[in-house]
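Notes for the one structure printed next.
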Amino acid sequence: MEKDNKRDMISRRIAAELKDGDYCNLGIGLPTGVANHIPPGITVYFQSENGILGAGPKPEPGMEEADLINAGGGPITAIPGASYFDSFWSFSMIRGGHVDMTVLGALQVDQEGSIANWMIPGKVVPGIGGAMDLVSGAKQVVAAMEHMDKYGNSKIMKKCNLPLTGYRVLTLIVTDMAAMRITPEGLLLVDLAEGVSLDDVIKATDADLIIPDNVGTFN
Amino acid sequence: MEKDNKRDMISRRIAAELKDGDYCNLGIGLPTGVANHIPPGITVYFQSENGILGAGPKPEPGMEEADLINAGGGPITAIPGASYFDSFWSFSMIRGGHVDMTVLGALQVDQEGSIANWMIPGKVVPGIGGAMDLVSGAKQVVAAMEHMDKYGNSKIMKKCNLPLTGYRVLTLIVTDMAAMRITPEGLLLVDLAEGVSLDDVIKATDADLIIPDNVGTFN
Amino acid sequence: MPRIISGKEAAAMISSGDRIMVAGFLVSGCPEYLMDCLYERDIDNLHLIAISTDYDDRGIGRLISKPHVKTLQVSHIGTNRTTQTRYKAGEIDIEFVPQGILMERIRAAGAGLGGIFSPVGVGTVIAEGKQTLEENGRTYILEKPIHGKYSLIRAKKADKLGNLVYNKMARNSNTVMAMGADITIVEVDEIVEVGELSPEEVVTPGIFVDYIVKKGE
Amino acid sequence: MPRIISGKEAAAMISSGDRIMVAGFLVSGCPEYLMDCLYERDIDNLHLIAISTDYDDRGIGRLISKPHVKTLQVSHIGTNRTTQTRYKAGEIDIEFVPQGILMERIRAAGAGLGGIFSPVGVGTVIAEGKQTLEENGRTYILEKPIHGKYSLIRAKKADKLGNLVYNKMARNSNTVMAMGADITIVEVDEIVEVGELSPEEVVTPGIFVDYIVKKGE
């Protein structure tokens with residue numbers, strides 16, 4: 001599958017979790033795509049941690065404003081009904097459980113629901129940003145990611161070995177191969193991506209997977 | 001001296017401590033009078049802990065507004081340059097040392113700088129209100145009070161015996177008899193009220209007073 | 001997204017024993033219409049969280065004259081004689097909380113904090129039994145979050161997403177209480193369409209609001 | 001009451017070794033003119049507190065290309081390669097602070113708190129060596145105040161009492177930083193007379209502002 005198609009598929013699967021009126025925060029990169037796949041008939045309000053509720057899509061070219069940006073610095077718009085607030089309140093909102101869902105990219109996740117996405121020691125150290133606050137507070141914490149890294153290694157681990165962003169915080173993991181929920185019993189396979197076999201997923205997953213009788217599909 | 005004259009004298013003495021541009025919070029009762037005695041040529045901005053900086057005098061009769069009140073519920077006005085904010089920020093301002101002076105009434109004060117003004121066990125229990133926050137945070141914490149209670153007992157004690165509002169928080173005490181500063185060495189007599197002798201003050205004071213060579217007067 | 005309901009429906013949601021927060025400072029910013037609706041309910045054992053109990057006959061005050069309220073977390077009761085009388089008679093339990101610390105503790109609940117170290121009331125009864133922290137020669141006491149099941153708040157205007165603006169000083173405890181409860185019900189003078197408030201003028205974002213009641217309806 | 005000064009005068013107040021906070025999020029809300037003025041100063045060993053170091057050539061970014069900054073408390077450096085290079089080379093020490101907790105810690109300093117118990121980063125390196133609190137089955141870590149000597153912030157307009165309003169989302173870290181430092185210097189596009197701002201629209205009250213610089217002057 002093309003990379004863009006994969007990303008669309010992941011975004012669509014995550015968007016299907018959203019309910020009418022939900023407040024949702026999307027991380028930069030892959031998660032941004034979720035906004036393009038909101039199911040028809042429902043309205044979702046996007047929060048950006050730098051200080052807006054009601055973030056809208058990119059402006060028309062030439063209409064960008066320096067003081068209307070998302071958490072990655074990219075230009076956004078404000079939808080009718082939007083509000084601006086300072087970062088102190090924005091993160092109070094996030095940590096206090098008022099945001100229904102946050103979606104983040106990940107370097108690694110594990111079967112306990114931990115996530116690593118802020119540094120690779122000795123290599124990349126972009127820093128934490130708002131990610132640690134987001135994973136500690138949102139009601140649903142979703143990782144949107146590719147199942148394997150570019151060397152073919154599983155990014156779905158028994159235990160993350162990179163420095164953690166959040167310890168036991170995820171509720172859902174959606175990759176180009178599967179959707180998996182973190183449950184008290186362990187990592188539960190929920191859906192397979194169309195064209196991916198159960199065997200493919202098991203081979204591509206380092207974590208212990210709970211395989212229920214009925215597994216759905218997504219595309 | 002008439003009660004009103006006494007109160008004016010106390011207020012005037014406290015107002016003399018203020019500098020141009022100071023931010024000041026006045027408690028209800030006696031302290032309110034300080035606003036009427038700001039020295040000519042300086043501007044002082046009054047904070048009310050329920051959410052205004054730039055509180056002005058009582059409005060003209062008939063111009064009172066329910067949402068423009070001081071900490072005692074009395075009607076006020078907003079001067080040009082005023083701002084409104086919620087109580088969370090108001091007390092952040094107060095506790096963080098941003099307010100230059102707070103003036104409070106007191107039931108008792110002591111030579112260590114403690115103050116009691118929120119309850120008399122078994123009798124009056126109005127509650128704490130904002131007083132405990134104010135005494136913990138303002139740069140100058142001033143007690144404005146009568147020197148003796150109505151039975152002729154000193155309200156300036158070695159050690160307060162009523163439940164405290166603040167432990168070792170006062171910087172200045174001004175009564176109808178004297179102005180006294182709390183110093184690391186103890187309670188220092190600064191000024192005598194006009195017509196009051198050193199002997200009168202010593203007799204009316206239960207606390208140990210440090211008497212310097214030069215004592216001023218106020219009226 | 002909040003739902004628009006009547007004052008009666010709002011009051012009917014609240015049951016005996018609930019922990020409720022009521023906004024306002026000496027009636028300013030207090031949802032008086034919701035108080036009237038709640039006064040008509042036949043419930044008791046409420047735990048009430050508020051800055052003060054206002055006046056005997058106004059704001060939160062009337063609630064105190066009925067058996068509704070069993071326990072209070074409050075900073076001031078000096079303007080309400082009934083509260084004082086019932087407190088002295090042992091009919092109401094009160095935890096006095098310094099006003100700014102009441103705001104902090106409610107905000108802590110709303111912002112997911114486990115507590116704050118406060119300099120307020122050190123050396124007074126407020127500090128008794130509380131964990132302390134010594135830092136740069138100052139003592140701080142641990143103040144725990146105060147959380148409510150319902151918050152009843154009051155604004156001038158809401159849009160249909162629950163974004164709120166206030167009249168003058170009336171914002172006082174409203175935003176923190178909107179954050180600090182599971183369910184927030186706001187009483188407003190006016191409900192406007194989405195888009196009628198500028199994003200810059202919104203004081204309380206709609207994410208904290210669950211129900212909107214138009215005063216008198 | 002704040003004084004109106006030039007950008008050069010503002011920059012001249014800052015000395016080698018000072019702890020400075022700079023507001024903004026990826027340049028929005030960043031006092032870029034003050035950054036330019038500070039860039040011209042021949043100082044070093046600054047301790048810089050900021051959400052991010054912006055871009056290599058914009059906002060806080062240029063400061064990092066000179067020896068000005070020795071230590072950083074910051075949440076993100078991913079948009080500034082120079083910061084990453086100098087960090088990896090051991091030329092700059094960094095304490096990474098989660099963005100919301102950075103705001104909390106600065107606010108704690110500005111609001112006189114001794115610290116807060118935070119749920120953020122429990123089980124990660126952020127929690128290492130920090131005091132914990134167990135409460136209702138959750139673990140919290142003690143986060144201490146972050147205080148600055150100077151805060152350099154940015155608003156759209158100031159009145160002559162220092163009351164500030166912002167453009168759109170640019171308020172981000174400005175108010176908490178204005179509170180969290182001994183001396184706050186604000187860069188604005190416009191200085192207006194006292195009374196021109198409505199008390200309801202003020203976002204940062206003037207009590208937190210010590211100096212006002214008009215951009216470019």
Side-chain angles (χ1 to χ4, degrees), chain A residues 18-25 38 41-56 59 65 67-70 76-102 130 132-139 141 166 169, chain C residues 1-4 21 103-116 145-149 151 155 157-166 171 174-184 191-212:
Chain A
L18 289 161
K19 298 180 303 297
D20 190 36
D22 270 2
Y23 297 97
C24 180
N25 181 298
I38 303 304
I42 75 166
T43 307
V44 171
Y45 300 93
F46 292 100
Q47 204 257 15
S48 186
E49 63 262 37
N50 45 322
I52 186 173
L53 205 62
E65 294 190 60
D67 293 330
L68 201 44
I69 57 175
N70 63 26
I76 56 171
T77 48
I79 66 166
S83 56
Y84 306 135
F85 34 80
D86 77 22
S87 306
F88 179 79
W89 289 120
S90 181
F91 283 98
S92 296
M93 203 178 270
I94 286 167
R95 274 195 325 269
H98 305 281
V99 173
D100 297 291
M101 183 190 285
T102 184
M132 280 196 185
D133 297 88
L134 282 159
V135 300
S136 86
K139 284 183 205 148
V141 182
V169 292
Chain C
M1 227 182 101
R3 273 181 54 209
I4 299 173
M21 300 192 183
M103 298 299 100
E104 289 285 337
R105 292 176 65 182
I106 296 169
R107 208 280 305 191
L113 302 180
I116 58 152
I146 296 178
H147 181 265
K149 182 167 178 190
S151 271
K157 255 192 246 185
D159 72 14
K160 287 180 174 170
L161 295 179
N163 291 307
L164 306 179
V165 296
Y166 298 88
R171 49 186 85 179
N174 280 282
T175 298
V176 293
M177 287 192 175
M179 294 174 69
D182 296 332
I183 296 161
T184 294
I191 301 172
V192 301
E193 292 303 320
V194 170
E196 286 191 39
L197 299 178
S198 126
E200 279 167 343
E201 77 177 310
V202 172
V203 174
T204 306
I207 195 171
F208 299 132
V209 175
D210 301 287
Y211 295 94
I212 305 173

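Chain naming here is simple, since letters A, B, ... match the order of the sequence lines and numbering starts at 1 in each.
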Q | Closest non-hydrogen atom pair between A:His98 and C:Met179, with its separation | A | CE1-O, 3.1 Å
Q) What heavy-atom pair brings A:Pro80 and C:Leu161 nearest, and what distance separates the two atoms? A) O-CD1, 4.2 Å
Q: Please determine, among A:Ser83, A:Ala78, A:Gly21, the option with the most heavy-atom pairs under 4.5 Å with chain C.
A: A:Ser83
Q) Do the non-hydrogen side-chain atoms of C:Ile207 and A:Met93 ever get within less than 4.5 Å of each other? A) yes
Q.
Given 3.5 Å as the limit, does a donor-acceptor pair link the side chain of C:Asn163 with the main chain of A:Gly81, or not?
A. yes
**Q.** Taking every non-hydrogen atom, the tightest pair across A:Tyr84 and C:Glu200
**A.** CD1-CG, 3.5 Å
Q) With only heavy atoms counted, which part of C:Val176 is less than 4.5 Å from chain A, the side chain, the backbone, both or neither? A) side chain
